[in-house]
Protein chains: 2
Amino acid sequence: MQRRTSKRESSGRVTNEDLGIVDALAQLSFLVWGTVAKKAAEHDLSMIQTRLLGVLRDREPSMNQLATLLALDKSSVTGLVDRAERRGLVTRTVSTEDRRAFRVALTDNGRALVAGVADEFRKEVDIMLTDLSEAERSELSSLASRVVRASAARMGVDLPAAQPL
Amino acid sequence: MQRRTSKRESSGRVTNEDLGIVDALAQLSFLVWGTVAKKAAEHDLSMIQTRLLGVLRDREPSMNQLATLLALDKSSVTGLVDRAERRGLVTRTVSTEDRRAFRVALTDNGRALVAGVADEFRKEVDIMLTDLSEAERSELSSLASRVVRASAARMGVDLPAAQPL
DNA sequence: TATTGTTATACTCTATAACTATA
DNA sequence: TATAGTTATAGAGTATAACAATA
């Protein structure tokens, strides 16, 4: 009788033991996070720069709103946007309603760059999931979605339009 | 007939739609990663300091091995360990075999600190999963474990003893 | 007065290159 | 010569506090 969770106890290093929900989630997160970071780094983007470009895909927020979206102090956002602007990835435009405020927006270059990273990430996820059947992927997707949505609701956060990054 | 995936299409903000496997995994990762970071920050630990303490729980590596384990340059590890040592969380001991090398180890304070963070993280995961049944948690745990193990095998990495952080 | 954003400052984190001490 | 680790240097990323301009 073939065990589903194969294993080589002594001297072996390959196992398929369940890690337990806590470890499994922690390690899965590091794996996914690391994958995004790696793909971003290949384009000279840090995680925070990538997240900046990510949130700008469907928004043109003020510096203050950006600080909220990224959970950073407004002074940190100044430098973050400075560096992105210097690279030609985003622009600051003075707001028409409030002359104190800016609207930060993606340039065409910035948009192309973040689209590229997101696309490469999608491919990596595909590789990551090769061992799962279609049904299992659906199951994982559904469970993960529910956890994410429940947490977002619990924190009173509006989950952004579905998109990685 | 009650839809399982409830939703308020127009004007609403609460939905339970499936995010799709890519977005679900990305957002779940940000959620879990953010949870660890938040708990760590409450103890004045950065993510990398937390990971440092984490890997030291069952090892006393050299600086070089630490660089490999954390995927950092050795010069980065110098500063990292400096700051942890200054806080009394780790110690450097000259190796008996090679007088050029150190063995880095957790102090009792360091061990207690990382245990505390790991424990608080466990509690947060529990909250995160309140909406799932026992069977669903098992399913999620199993699927996540398989993905993690498969990726580790694919990268030729020995998955560390099961432990978050 | 309150808010938006920047500046000054300080510290963590990171890598590259050059260096010291040991092997 | 080669390896273990540090130092010097430079830059990103972060927060706090003080500031300028506008509301």
Side-chain angles (χ1 to χ4, degrees), chain A residues 33-34 36-38 40-56 59-105 113, chain B residues 33-34 36-38 40-56 59-105 113:
Chain A
W33 181 278
V36 175
K38 194 180 69 183
E42 287 173 9
H43 297 278
D44 280 302
L45 286 176
S46 65
M47 274 307 264
I48 188 61
Q49 285 285 342
T50 305
R51 292 222 295 139
L52 168 63
L53 302 188
V55 303
L56 290 180
R59 268 171 285 228
E60 297 197 356
S62 68
M63 297 294 280
N64 251 329
Q65 291 171 328
L66 224 29
T68 302
L69 287 166
L70 299 174
L72 290 176
D73 188 86
K74 56 187 176 157
S75 66
S76 304
V77 175
T78 296
L80 197 66
V81 171
D82 279 351
R83 291 184 290 274
E85 198 174 23
R86 212 179 299 140
R87 284 181 62 180
L89 303 177
V90 308
T91 54
R92 274 181 176 96
T93 315
V94 246
S95 164
T96 46
E97 307 110 34
D98 186 338
R99 299 216 312 283
R100 292 172 302 180
F102 292 119
R103 310 199 66 195
V104 183
L113 185 53
Chain B
W33 181 278
V36 175
K38 194 180 69 184
E42 288 173 8
H43 298 279
D44 281 302
L45 287 176
S46 65
M47 275 306 265
I48 188 63
Q49 285 286 341
T50 306
R51 291 221 297 140
L52 168 63
L53 302 188
V55 303
L56 290 179
R59 267 169 286 227
E60 297 196 357
S62 67
M63 297 294 279
N64 252 327
Q65 292 170 328
L66 224 29
T68 302
L69 287 166
L70 299 174
L72 290 176
D73 188 86
K74 56 186 176 158
S75 65
S76 304
V77 175
T78 296
L80 198 65
V81 171
D82 278 351
R83 291 184 290 273
E85 198 174 22
R86 212 179 298 140
R87 284 180 62 179
L89 303 177
V90 308
T91 55
R92 273 181 177 95
T93 314
V94 245
S95 165
T96 47
E97 308 109 34
D98 186 337
R99 300 216 312 283
R100 292 173 302 180
F102 292 120
R103 308 198 67 195
V104 183
L113 185 53

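To find a chain, count down the sequence lines: A is the first, B the second, and so on, and within it residues start at 1.
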Could you check whether any side-chain heavy atom of B/Val104 comes within less than 4.5 Å of a side-chain heavy atom of B/Met63, counting everything from C-beta outward? yes
As an exercise, state the distance from [atom1] of [X] to [atom2] of [Y], rounded to the nearest 0.5 Å.
{"X": "A/Leu56", "Y": "A/Leu70", "atom1": "CG", "atom2": "CG", "value": "8.0 Å"}
{"X": "B/Arg103", "Y": "B/Gln65", "atom1": "CZ", "atom2": "CD", "value": "8.5 Å"}
{"X": "A/Ser95", "Y": "A/Glu60", "atom1": "OG", "atom2": "CD", "value": "11.0 Å"}
{"X": "A/His43", "Y": "A/Leu53", "atom1": "NE2", "atom2": "CG", "value": "11.5 Å"}
{"X": "A/Glu85", "Y": "A/Phe102", "atom1": "CD", "atom2": "CZ", "value": "8.0 Å"}
{"X": "B/Thr78", "Y": "B/Leu66", "atom1": "OG1", "atom2": "CG", "value": "10.0 Å"}

Without decimals, in angstroms, what is the distance between [X] [atom1] and [N] [atom2]?
{"X": "B/Met63", "N": "C/dA15", "atom1": "CE", "atom2": "P", "result": "13 Å"}
{"X": "B/Asn64", "N": "C/dA21", "atom1": "CG", "atom2": "P", "result": "18 Å"}
{"X": "A/Leu80", "N": "C/dG5", "atom1": "CG", "atom2": "P", "result": "14 Å"}
{"X": "B/Asp82", "N": "C/dC11", "atom1": "CG", "atom2": "P", "result": "15 Å"}
{"X": "B/Arg83", "N": "C/dA10", "atom1": "CZ", "atom2": "P", "result": "18 Å"}
{"X": "B/Phe102", "N": "D/dT3", "atom1": "CZ", "atom2": "C1'", "result": "14 Å"}
{"X": "B/Leu45", "N": "C/dT12", "atom1": "CG", "atom2": "P", "result": "13 Å"}

Heavy atom of residues 85-94 of chain A under 4.0 Å from DNA chain C: which residues? A/Arg92
For the residue pair B/Arg87 and B/Asp44, what are the closest heavy atoms and their distance? NH1-O, 2.6 Å
Exercise: identify the closest heavy-atom pair between A/Leu80 and A/Gln49: O-NE2, 3.3 Å
Salt bridge check: are B/Asp82 and B/Arg92 linked by an N-O gap of less than 4.0 Å? yes
Please classify the nucleic acid contact of A/Ser62 as base, sugar-phosphate, or nothing, using heavy-atom distances under 4.0 Å. sugar-phosphate
Tell me, which of residues 66-78 of chain A have any heavy atom that sits under 4.0 Å from an atom in DNA chain D? A/Leu72, A/Asp73, A/Ser75, A/Ser76
Determine: side-chain N/O of A/Gln49 to OP1/OP2 of D/dG13, distance under 4.0 Å, yes or no. yes
Distances under 3.5 Å between nitrogen or oxygen atoms of protein and nucleotides 20-23 of chain D:
| from | atom 1 | to | atom 2 | distance (Å) |
| --- | --- | --- | --- | --- |
| D/dT22 | O2 | A/Arg100 | NH1 | 3.3 |
| D/dA23 | OP1 | A/Arg99 | N | 2.9 |
| D/dA23 | OP2 | A/Arg99 | NH1 | 3.4 |

For the residue pair B/Asn64 and B/Ser62, confirm or rule out a side-chain donor-acceptor distance under 3.5 Å. no
